[in-house]
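Okay, so here's the structure we're looking at.
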Amino acid sequence: SAKDMKHRLGFLLQKSDSCDYSSSQGKKEKLSSSQRLSQEEVRKWADSLENLIHHDRGLAAFRAFLKSEYSEENIEFWVSCEEYKKTKSPAKLSPKARKIYDEFISVQATKEVNLDSCTREKTSHNMLEPTLSCFDEAQRKIFTLMEKDSYRRFLKSPYYLDLVSPPGAGCGPENCKRNHTHTLDCNSNIISQCA
């Protein structure tokens, strides 16, 4: 449940403060710069939903948030569409398109997304001869829905706020850099566990 997830995140974030410095040093050396999560990156997520979902850690945090709201089908559909657009083989288009349609758009879909009847009908028609762009309109509608609704709530949620201002923010100047970096490394691990 959302409450359990929030409690687990809170517990893990508090635990990250108590990690000893020597173990964090070893951990930092093992992490490549692409795996670290900086405050600057996290702040950029508040600029736009695109910044958030085009960052692996941001996408994982947003997905965990949507899961807590029981609306993860929206981001799953969006991600499936992005993957679908990378399909190289024309022979694979139809089966992949059918799978996405059956999972997210059809009336009997297990993870049905909230689309207006016009968009749903147009997408159904696109299934007759699937192309790389056959889900574009539906994907745009779901993106807009997330942007206007759940993204705004995400920015006010602990899923985001705990990352943008981690515990220990009021520490002394010489400890601050070490603690922030370490907290962010720990937070990165928490996000990947939530994904």
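Everything quoted here is computed from the prediction, not taken from an experiment.
- Here the side chain of Glu41 pairs a donor or acceptor atom with the backbone of Ser38 at under 3.5 angstrom.
- A salt bridge is absent between Lys67 and Glu72: the closest approach of a Lys/Arg side-chain nitrogen to an acidic carboxylate oxygen does not fall below 4.0 angstrom.
- A distance of 7.5 Å separates CG in Leu93 from SG in Cys134, rounded to the nearest 0.5 Å.
- With rounding to the nearest 0.5 angstrom, the CG atom of Asn114 is 6.5 Å from the CD1 atom of Ile142.
- With respect to the salt-bridge test (charged N to carboxylate O, under 4.0 angstrom), the residues Glu82 and Lys86 do not qualify.
- The minimum heavy-atom distance linking Phe143 with Glu50 is given by the pair CZ-CG, 3.6 Å.
- Here the CG-CG distance, from Asp47 to Leu155, works out to 9.5 Å after rounding to the nearest 0.5 Å.
- A 4.5 Å side-chain heavy-atom check between Leu132 and Thr87 finds at least one atom pair inside the cut-off.
- Under the rule for a side chain to side chain contact (heavy atoms under 4.5 Å, CB included), the partners of Ser89 that lie at least two apart in sequence or sit in another chain are Ala91, Lys92.
- Counting only N and O atoms by type, the side chains of Tyr151 and Ser48 include no donor and acceptor under 3.5 Å apart.
- Side chains of Tyr101 and Pro130 form no contact here, defined as non-hydrogen atoms less than 4.5 Å apart.
- Looking at Arg153 and Asp149, a side-chain N of the basic residue comes within less than 4.0 Å of a carboxylate O on the acidic one, giving a salt bridge.
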Begin with the C-alpha distance, continue with both residues' side-chain angles, and end with the deciding distance and a verdict on side-chain contact (heavy atoms from CB on, under 4.5 Å) for Phe104 and Leu115. CA-CA 10 Å; Phe104 300 103; Leu115 292 171; over 6 Å; no
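- Side chains of Glu137 and Thr123 form no contact here, defined as non-hydrogen atoms less than 4.5 Å apart.
- For the pair Phe135/Ser80, no side-chain contact is recorded, criterion being any heavy-atom separation below 4.5 Å from C-beta on.
- Residue Arg152 holds its CZ atom at 7.5 Å from CD of Glu147, rounded to the nearest 0.5 Å.
- How far NZ of Lys44 is from CG of Leu52: 13.5 Å, rounded to the nearest 0.5 Å.
- Val79 places a side-chain heavy atom less than 4.5 Å from the side chain of Leu59.
- Atom-to-atom distance recorded for Phe77:CZ and Met146:CE is 9.5 Å, nearest 0.5 angstrom.
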